[in-house]
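In what follows, every heavy atom counts, from backbone to side chain, and hydrogens, waters and symmetry copies are set aside.
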Amino acid sequence: IFGNVQQQNMLCLRAAGEMEIGSAKNPIVDFHGIDEGLLQKMVYDALVWSSLHGLVVGDRNSQRSGQVPGVGMVHAPVALLPMPFPESHWKQACEVAPIFNELFDRVSLDGEFLQESLSRTKKVDAFTSRLLDIHSKMLELNKKEDIRLGLHRSDYMLDEKTKLLLQIEFNTISSSFPGLGRLVTDLHRTLLNDYAEDLGLDAKRIPGNTAVGQFAEALAKAWTEYNNPRAVVVVVVQNEERNMKTLAEIDRDGELLSDGTLLVDGQAVAVVYFRAGYTPNDYPSESEWRARLLMEQSSAIKCPSISYHLAGTKKIQQELAKPNVLERFLENKEDIAKLRKCFAGLWSLDDSDITRKAIENPELFVMKPQREGGGNNIYGDDVKETLLRLQKDGSEEDAAYILMQRIFPTVTPTFLMRDGICHKDHAISELGVYGTYLRNKEKVIINDQSGYLMRTKISSSNEGGVAAGFAVLDSIYLT
Ligand code: ADP
Ligand code: MG
Ligand code: MG
């Protein structure tokens, strides 16, 4: 089953071999030591490059941005130069990607495990409860997803003290930035080449990043498996985007034929790719929930299916980290050990020992609800206050959360660029490794590591998504 793991290893090795060519003479290690004049030149070049190559995002300051394509764009928030990252940990993250893909596919097939693990959460979290309702309906209908497509991203931080690469989370829905991630890699390689004399850094030490191509290829191959040349791929988006369908529009324009075919605007749909639907905000009315159910009932390939979506919740992450749970899904002991090595401490709040510890030392924990998209977690003193409140209330609301060991990555001097301004600061980073998985019944068509995304944020910020305004897109420089 994991034949591809080996293939993946070879790809990693080949990439590593490539990197040994042409080592740097006098590399700059502390970017803050870069001379001011040189810095200004590189910033200027980076901004021009970003505009020319589409390393851009919608500009919130521009009114028509997000409504009219091609209007109101600004360079994406990016790091000026790549973040140093140990090659051994990079290889480790590549190696586990196909194992995680396979794990999540198997978890998605275990309806009982998903329902059971989330049963307490269901009582107190209305959003997760609605997702579980859709999932229950599919179980009742005995709905089978023969063709399964996963476009995932497994995120990690490198814990400085233990030197362990620890998983932050595994995203199964709307894994973001495969397109811009690739461009940032290209930008950094360009700068390292153009300023090779000054920086003494070797562009080949930035691993190639094929994320967007591999995602597109997986979508295309899924479409091929569906085997209806007239069928389309629908991209489900949030409100402020055009030329695609929102959930409400699918409720309005969608229809289900008796053979399971999903029609949108009268066109058969082969693949539904969700770039929305992971946050309660995406379901302002019953219309959106109807659309989600309609799509789930259809024979269209859903990326993700409701089972894949639920398998990606924080609660399931915590359940998988419990002793003997991985064994329920995987046979290969070495694979199991490799995954387990990436697991940080994860606990349910009904563990009174750990809640006591978290109240005593809240800075060593992160408290997470069942949400996606950043900005939902609880840190520091708020952990303590929330835990004390939950204890006092004696309510079941504690089941909405999990507790996680806080990871402390190395703080590195860096330059972060946003709105055309370059900020000198100290930062920490999170490495995301994309994974693509496509399967038709017993045939695994794709199971690969598929590029990466580095996100860098100022070290004083707890969270900070790229979109939220604290983090920037980055690439890695292997050390
Ligand atoms: P989401 O699905 O909303 O992205 P995450 O679990 O990825 O939720 O948490 C969001 C952010 O919070 C991460 O990108 C990271 O910056 C920070 N974070 C999450 N878990 C931890 C942790 N255990 N230690 C340190 N920082 C964390
Ligand atoms: Mg997430
Ligand atoms: Mg995340």
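When atom types are taken as modelled, the side chain of D259 and the backbone of T261 share a donor-acceptor pair closer than 3.5 angstrom. In this structure, the side chain of S305 does not engage the main chain of K302 through any donor-acceptor pair within 3.5 Å. Remark: the backbone N or O of A231 is paired with a side-chain donor or acceptor of W223 at under 3.5 angstrom. A donor-acceptor contact shorter than 3.5 Å links the side chain of H53 to the backbone of W49. Using a distance-only test at 3.5 Å, with no hydrogens or angles considered, a donor-acceptor pair links the side chain of R418 to the main chain of A471. Using a distance-only test at 3.5 Å, with no hydrogens or angles considered, no donor-acceptor pair links the side chain of H152 to the main chain of A97. Checking side-chain atoms of T246 against main-chain N and O of E249 turns up a donor-acceptor pair under 3.5 Å. Between the side chain of S65 and the backbone N or O of G58, no donor-acceptor pair lies under 3.5 Å. For D159 (side chain) and P409 (main-chain N/O), no donor-acceptor pair under 3.5 Å exists by modelled atom type. Between the Q449 side chain and the V433 main chain, no donor and acceptor come within less than 3.5 Å of each other.
Side-chain contact between S117 and Q318 is absent, with no heavy atoms from C-beta onward closer than 4.5 Å. Residues L339 and L330 meet the side-chain proximity criterion, which asks for heavy atoms closer than 4.5 Å. Counting heavy atoms from C-beta outward, I168 and I407 have side chains that approach closer than 4.5 Å. In this structure, the side chains of L387 and L349 come closer than 4.5 Å at one or more pairs of heavy atoms. Side-chain contact check for D125 versus S129: every heavy-atom pair is 4.5 Å or farther apart. Residues Y401 and V383 have side chains not in contact (no heavy-atom distance under 4.5 Å, counting atoms from C-beta outward). In this structure, the side chains of Y226 and S299 come closer than 4.5 Å at one or more pairs of heavy atoms. Side-chain atoms of F408 and L364, non-hydrogen and from C-beta on, do get closer than 4.5 Å to each other.
To the nearest 0.5 angstrom, N440 atom CG is 4.5 Å from I147 atom CD1. Rounding to the nearest 0.5 Å places CG of L346 at 12.0 Å from CD1 of I316. Atom CG of L473 sits about 6.0 Å away from atom CG of L180, to the nearest 0.5 Å. Residue S108 holds its OG atom at 13.5 Å from NE2 of H309, rounded to the nearest 0.5 Å. Atom NZ of K338 is separated from atom CD of E95 by 4.0 Å, given to the nearest 0.5 angstrom. Of the inter-residue distances, the one linking R148 atom CZ with I301 atom CD1 reads 11.5 Å to the nearest 0.5 angstrom.
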Test log, rule side chain to side chain contact (heavy atoms under 4.5 Å, CB included), inputs F177 and Y434:
CA-CA 10 Å; F177 298 122; Y434 295 103; 3.7 Å; yes
Report the C-alpha separation of F343 and L166 in whole Å, then their side-chain angles, then the decisive distance to 0.1 Å, and conclude whether the side chain to side chain contact (heavy atoms under 4.5 Å, CB included) test is met.
CA-CA 6 Å; F343 289 169; L166 297 176; over 6 Å; no
Ring pair (Phe, Tyr, Trp, His ring centres under 6.0 Å) for F104 and Y437? Distances and angles first, verdict last.
CA-CA 10 Å; F104 277 82; Y437 188 86; over 10 Å; no
Checking Q115 against S136 for the side-chain hydrogen bond (donor to acceptor under 3.5 Å, both in side chains) test, could you report, in this order, the C-alpha distance in whole Å, the side-chain angles of both residues, the deciding distance, and whether it holds?
CA-CA 8 Å; Q115 287 285 339; S136 298; 3.1 Å; yes
As a quick check of understanding, evaluate side chain to side chain contact (heavy atoms under 4.5 Å, CB included) for D265 and K245, giving each step before the final call.
CA-CA 10 Å; D265 287 338; K245 287 275 176 188; 3.0 Å; yes
Does the side chain to side chain contact (heavy atoms under 4.5 Å, CB included) test come out yes or no for D398 and R120, once each step is laid out?
CA-CA 9 Å; D398 65 325; R120 277 192 71 228; 3.0 Å; yes
Kindly determine whether K144 and N142 satisfy side-chain hydrogen bond (donor to acceptor under 3.5 Å, both in side chains), including the steps that lead there.
CA-CA 6 Å; K144 293 273 178 279; N142 199 22; 2.9 Å; yes
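A cation-pi geometry, defined here as NZ or CZ lying under 6.0 Å from the six-membered ring centre and within 45° of its normal, holds between R292 and F274.
Checked by atom type, the side-chain pair K314/Q317 shows no donor-acceptor distance below 3.5 Å. A donor and an acceptor atom, one from each side chain of Y278 and Q238, are located under 3.5 Å apart. For the 3.5 Å distance criterion, the side chains of S154 and Q167 qualify, holding a donor opposite an acceptor. Remark: the D448 side chain and the S450 side chain contain no N/O donor-acceptor pair separated by less than 3.5 Å.
Y452 and W90 have perpendicular rings, their planes meeting at more than 60° on a 0 to 90° scale where under 30° would count as parallel.
Looking at every heavy atom in both residues, D282 comes nearest to E288 through O-CG, 3.2 Å. Across L326 and I336, no two heavy atoms sit closer than the pair CD1-O, 3.9 Å. Between L151 and T436 the shortest heavy-atom distance is CD2-CG2, 3.6 Å. When every heavy atom of E169 is checked against every heavy atom of N171, the shortest pair comes out as OE2-OD1, 2.9 Å. E296 and K143 get closest at one heavy-atom pair: O-CE, 3.4 Å. Looking at every heavy atom in both residues, G277 comes nearest to Y283 through O-OH, 2.7 Å.
One finds no salt bridge joining E145 and R439 here, because no Lys/Arg side-chain nitrogen approaches an Asp/Glu carboxylate oxygen to under 4.0 Å. Between D186 and R182 there is a salt bridge, since a side-chain N of the basic residue sits under 4.0 Å from a carboxylate O of the acidic one. Salt bridge annotation for K441-E225: absent, with no cationic side-chain nitrogen under 4.0 angstrom from a carboxylate oxygen. The existence of a salt bridge linking E140 and K137 is excluded, since no basic side-chain nitrogen approaches an acidic carboxylate oxygen closer than 4.0 Å.
Listed by chain and number, the residues in a side chain to side chain contact (heavy atoms under 4.5 Å, CB included) with A400 are V124 (sequence neighbours excluded). For the side chain to side chain donor-acceptor pair (under 3.5 Å) test, residues two or more places apart in sequence or in another chain that qualify with H188 are S475. Applying the side chain to side chain donor-acceptor pair (under 3.5 Å) test to S429 and every residue at least two apart in sequence or in another chain returns T456.
Applying the 6.0 Å contact sphere to CD of E112 captures no more than 12 heavy atoms from other residues, nucleotides or ligands.
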